[in-house]
Student: 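Provided herewith is a single structure, encoded as structure tokens, for subsequent inquiry.
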Amino acid sequence: AQSVTQLDSHVSVSEGTPVLLRCNYSSSYSPSLFWYVQHPNKGLQLLLKYTSAATLVKGINGFEAEFKKSETSFHLTKPSAHMSDAAEYFCVVSPFGYNKLIFGAGTRLAVHP
Amino acid sequence: DSGVTQTPKHLITATGQRVTLRCSPRSGDLSVYWYQQSLDQGLQFLIQYYNGEERAKGNILERFSAQQFPDLHSELNLSSLELGDSALYFCASSVGRSSYNSPLHFGNGTRLTVT
């Protein structure tokens, strides 16, 4: 079965400290993986994507994610949080051969001054 | 700005009514996807069209239907509306026919409130 689990529903960090948003996936075949961000009253914006090239993927706004097949994880990180990073983040898997995206439940990131 | 345009932004209607949501994809994108986002269900895939043809179907109710026109814009029709249909409806577009290697770009959504 194909699924995505975001291990934290809420994460709170201070401005300037590192961000870690955790995601595990389950997929029968080599999937494509994505992270999207949703700011309040906005659509989802693509942060980065993994499509079986380099395992460390760099995205926009200083975010990056590492694909670890042995751990079936695709965690999102950023070295230093900014107030504007406060939003909801979705880990998404697109299994090979299945023309659909499977969304995680989302992680709400709060950034405190 | 993703380049995907959705209208209207907000829609308030009564139970039993019918509404139409409209989506214009990014220039050059041939695929249009519809998603429903609600607090209890999260993001649910409804349906995909590629170059005018239905390509994939998700958890779309029989009361809902969609189509993609020759100019590639798409409409989602929701009929016999129920309170539980209140949600944020997103349209997304992509260049290719598969979400596996063709990332989706989302519009800002239409917020539907059924009273």
Side-chain angles (χ1 to χ4, degrees), chain A residues 2-10 23 25 27-54 57-61 63 65 67 74 87-108, chain B residues 1-7 9-10 21 23-26 29-51 53-60 87-111:
Chain A
Q2 330 290 337
S3 66
V4 179
T5 303
Q6 292 186 241
L7 297 165
D8 307 290
S9 58
H10 291 84
C23 172
Y25 69 93
S27 180
S28 302
Y29 302 100
S30 181
S32 287
L33 294 159
F34 309 87
W35 275 98
Y36 281 85
V37 61
Q38 184 178 23
H39 287 93
N41 300 315
K42 294 288 188 183
L44 286 84
Q45 181 185 19
L46 179 67
L47 275 179
L48 50 82
K49 61 176 180 176
Y50 166 77
T51 52
S52 74
V57 182
K58 292 191 184 299
I60 62 171
N61 301 335
F63 284 95
F67 174 71
F74 190 56
E88 184 131 25
Y89 292 78
F90 293 93
C91 181
V92 184
V93 62
S94 180
F96 181 77
Y98 290 81
N99 188 31
K100 61 185 287 187
L101 297 181
I102 301 169
F103 283 80
T107 297
R108 186 164 296 277
Chain B
D1 183 12
S2 68
V4 178
T5 304
Q6 288 188 249
T7 57
K9 290 184 180 178
H10 302 277
L21 282 54
C23 170
S24 294
R26 289 189 325 162
D29 285 358
L30 297 178
S31 274
V32 169
Y33 298 75
W34 287 98
Y35 282 82
Q36 179 193 60
Q37 185 180 36
S38 60
L39 283 174
D40 53 344
Q41 299 278 340
L43 270 153
Q44 297 286 318
F45 167 65
L46 297 179
I47 198 165
Q48 180 207 359
Y49 282 82
Y50 177 78
N51 204 20
E53 301 287 328
E54 181 183 306
R55 171 141 173 88
K57 222 167 185 176
N59 303 322
I60 189 166
L88 195 51
Y89 291 84
F90 284 111
C91 169
S93 72
S94 69
V95 171
R97 65 182 74 213
S98 169
S99 57
Y100 180 77
N101 50 20
S102 190
L104 274 59
H105 299 270
F106 285 78
N108 285 337
T110 293
R111 183 168 295 282

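Naming convention: chains lettered A, B, ... in sequence-line order (proteins, then strands); numbering from 1 in each chain.
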Student: Between B/Arg111, B/His105, B/Gln37, which residue shows the highest count of heavy-atom pairs closer than 4.5 Å to chain A?
Tutor: B/Gln37
Student: Non-hydrogen atoms of chain A under 4.5 Å away: do they reach the side chain of B/Tyr100, the backbone, both or neither?
Tutor: both
Student: What part of A/Leu101 gets closer than 4.5 Å to chain B, counting heavy atoms only: side chain, backbone, both or neither?
Tutor: both
Student: With a 4.5 angstrom heavy-atom cut-off, which part of B/Ser98 approaches chain A: side chain, backbone, both or neither?
Tutor: both
Student: Which pair of heavy atoms, one from A/Leu44 and one from B/Phe106, lies closest together, and at what distance?
Tutor: O-CB, 3.4 Å
Student: Against chain B, label A/Phe96 side chain, backbone, both or neither, depending on which of its atoms sit under 4.5 Å from a heavy atom there.
Tutor: both
Student: With a 4.5 angstrom heavy-atom cut-off, is it the side chain or the backbone of A/Lys42 that approaches chain B, or both, or neither?
Tutor: both
Student: Counting neighbours of CD1 on A/Ile60 that are heavy atoms of other residues, nucleotides or ligands and sit closer than 6.0 Å, is the number greater than 12?
Tutor: yes
Student: So which part of B/Gln6 gets closer than 4.5 Å to some heavy atom of chain A, the side chain, the backbone, both or neither?
Tutor: neither
Student: Using non-hydrogen atoms and a 4.5 Å limit, figure out which bit of A/Gln38 sits close to chain B: side chain, backbone, both or neither.
Tutor: side chain
Student: What are the two closest heavy atoms between A/Gly43 and B/Phe90, and how far apart are they?
Tutor: CA-CE2, 3.5 Å
Student: Tell me, side chain or backbone of B/Leu104 under 4.5 Å from chain A's heavy atoms, or both, or neither?
Tutor: both
Student: What residues form a side chain to side chain contact (heavy atoms under 4.5 Å, CB included) with B/Gln44, not counting sequence neighbours?
Tutor: B/Gln41, B/Asn59
